[in-house]
Every structure is written in C-alpha cells, then in structure tokens.
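Numbers restart at 1 for each chain; the letters A, B, ... are given by sequence-line order, proteins then strands. Small disclaimer: the values here were computed from a predicted structure and weren't measured.
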Number of protein chains: 2
Amino acid sequence: MNNSHLCPKFEKAMNIVSKRWTGLVIYQLLSSPQRFCTIQSSIGISGRLLSDRLNHLENEGIVKREVYPETPIRIEYSLTEKGLALKPLMKELEIWSQTWVELEDKK
Amino acid sequence: MNNSHLCPKFEKAMNIVSKRWTGLVIYQLLSSPQRFCTIQSSIGISGRLLSDRLNHLENEGIVKREVYPETPIRIEYSLTEKGLALKPLMKELEIWSQTWVELEDKK
DNA sequence: TCTATTAATTACTTTTCGTAAGTAAGTTTA
DNA sequence: TAAACTTACTTACGAAAAGTAATTAATAGA
C-alpha cells in the first residue's frame, strides 16, 4: 500500500531521473547532441538498455530523436527544453560528488 | 565493456542517488529525522527494501541510525552532514518537477 | 559478394524488486 | 499471565528488470 503524502509531480520527477542509467544519459546529452553509439561507449550502457531509456525519455519529452538521412545515416539524440532544464540539477550533483564522494581503493 | 570517460566521483554519486527509492528516502529525511515506519508509510516503500536502502545509505555515510532506549524503544534515522548536503539537489528537482512534469489523467 | 557501420531487437541468464509472511523484543490489554 | 499489538527487521519466493551476447536491417564501400 502506498500512503504517500508526497507531491505527485515531485514523485514522478524522482521516478524519471532515478531510473537506472537515465541520469547518466541525460548528463551525457547535456554536453552536446550525440548519436547512439557515442552515448553507449561514453557511459558503458548496453544497446538494449540505451534503446529502452531513449524511448522512455523521448516519451517523457526530455529527449528528441533526429534522423539525418546522410550516408551513412546519422541519428542524433538531443535534449528538449525540458531536458535542458535539468542542467542545474546535474550541476548540483557534480558539486556534491566533488565535495563528498570518496572512491574506494581498487583491489 | 565500460569505456566510461565520466568522472568516477560523479558516476558514483549518480549510482547512489539514482538507485530506486534512495532519492525519496533522502528527501523524506530532509524534512526531519524520523523512524522506520514513518518513512515507510510516507513514501510507500516495503519494509524489505527500506531496510536495504537504509543500510546502504548508512554505509555510504549519508544516513545515521540512532537508538533511543526509551520505552517504547525508538530508532531514529537522520541525515549526516553528507546527506544534508544533498538538499540543493532536491530543491532543484522540486523546481524542475513543478515547472515541467505533467501528470497523466488517471483512468 | 563480402565486409563494415549504425541503430536496434531478440534470446537467455542473473540480479533486483515486490508481496507477504515470519521473527524478536518489548508493551499494552483483559 | 496469557493474548494481542507494535516496531524494526528478515526470509521466502514469484515477477520484473538488468546484463550479456548474438542477430537483424539498412546502407555503403572494396
């Protein structure tokens, strides 16, 4: 049972950005529009999941997919205005991570 | 294969806060220290997962667990300084959610 | 024709989640 | 004093999601 007293908009926002990989995909697209395989190798996500996440983000109006019928074909993903509006959030996470996150020693 | 070129601290931070429920638990504790069952009913998480998430957050130094041997016994969870430092991030998510998130009509 | 590239999709295994029930320690009720 | 209740967990198990790898479709070049 969910007795939530949270703001539903906030709750939905949290569900969007806290889905695994989604945050990193958005972060990656903040630097510039880019294609599927670039995102994939930058953040180390599998094609299967990247495909899934991009679809979700497109449905949420956060990411926009554009096909350039060049040769070879180029499909570029970029952030919409809604997606770009997440920049301050990402900035805060960067600040927090630099201040507080400690990396474990690798064995 | 993970060819990540991301800052490892940022990546770790993202992994922490984007784990399901974790963000909402932190958000809930920002309003005040509180006990297990209060968090549980506020955000609608099961006991199993809340227990798991609180353990992880305690290990990360974000949440602190304090036992008050009163009668009845009271166990209170609160944010450490590291946890409190996430407040600006949560604030940004609140702002974004109010500006951009649309709720679907319930059927 | 064979190979290469990009953007997906499919098949299969492993991990995580969600639900519900159980436990331990103590408290209140009858 | 026994039964029921509360809190904070833990365990068991089926369902859902993630991870890995192979495959596909479209196009181009050697």
Q.
Whole angstroms only, please: what is the CD1-C1' distance between I75(B) and dT6(D)?
A. 12 Å

Q: Ignoring backbone atoms, test whether R20(A) places a side-chain nitrogen or oxygen under 4.0 Å from the OP1 or OP2 oxygen of dT16(C).
A: no

Q | L49(B) CG to dA12(D) P, straight-line distance once rounded to whole Å | A | 17 Å

(Q) Nearest heavy atom decides the nucleotide; on that basis, is G47(B) or T38(A) closer to the 5' end of DNA chain C? (A) T38(A)

Q.
Any side-chain N or O of S46(A) below 4.0 angstrom from OP1/OP2 of dG19(D)?
A. no

Q. What about R48(B), does its side chain sit under 3.5 Å from the base of dT19(C) through a donor-acceptor pair?
A. yes

Q: Using the side chain to side chain contact (heavy atoms under 4.5 Å, CB included) rule, pick out the option among T22(A), I75(A), V25(A), I62(A) that qualifies with L54(A).
A: V25(A)

Q: Establish, with yes or no, whether the OP1 or OP2 oxygen of dA7(C) is under 4.0 angstrom from a side-chain nitrogen or oxygen of S51(A).
A: no

Q | Pairwise distance NZ(K91(B)) to CG(L30(B)) - rounded to 0.5 angstrom | A | 11.0 Å

Q) Around K64(B), counting heavy atoms of other residues, nucleotides and ligands shown, do more than 12 lie under 6.0 Å from its NZ? A) yes

Q) Taking OP1 and OP2 of dT6(C), is either one under 4.0 Å from a side-chain nitrogen or oxygen of R35(A)? A) no

**Q.** Rounded interatomic separation in angstrom, taking CZ from R53(B) and P from dG18(C)
**A.** 8 Å

Q) CG of L54(B) versus P of dT10(D): gap in Å, rounded? A) 11 Å

Q) Has W21(B) got a side-chain N or O lying under 4.0 Å from the OP1 or OP2 atom of dG18(C)? A) yes

Q.
Just the rounded figure in Å: distance from C1' of dA7(C) to CD of E76(A).
A. 14 Å

Q. Quick one: Q40(B) CD to dT19(C) C1', roughly how many Å, whole number?
A. 12 Å

Q. What integer distance in Å separates L50(B):CG from dT19(C):P?
A. 14 Å

Q.
Would you say NZ of K9(B) has more than 12 non-hydrogen atoms from neighbouring residues, nucleotides or ligands within 6.0 angstrom?
A. yes

**Q.** d(CD1, I45(A); C1', dG19(D)) in whole Å
**A.** 11 Å

Q: Determine, using the 4.5 Å side-chain heavy-atom cutoff (strictly less than), whether I95(B) and L86(B) are members of one ILVMFWY cluster.
A: no

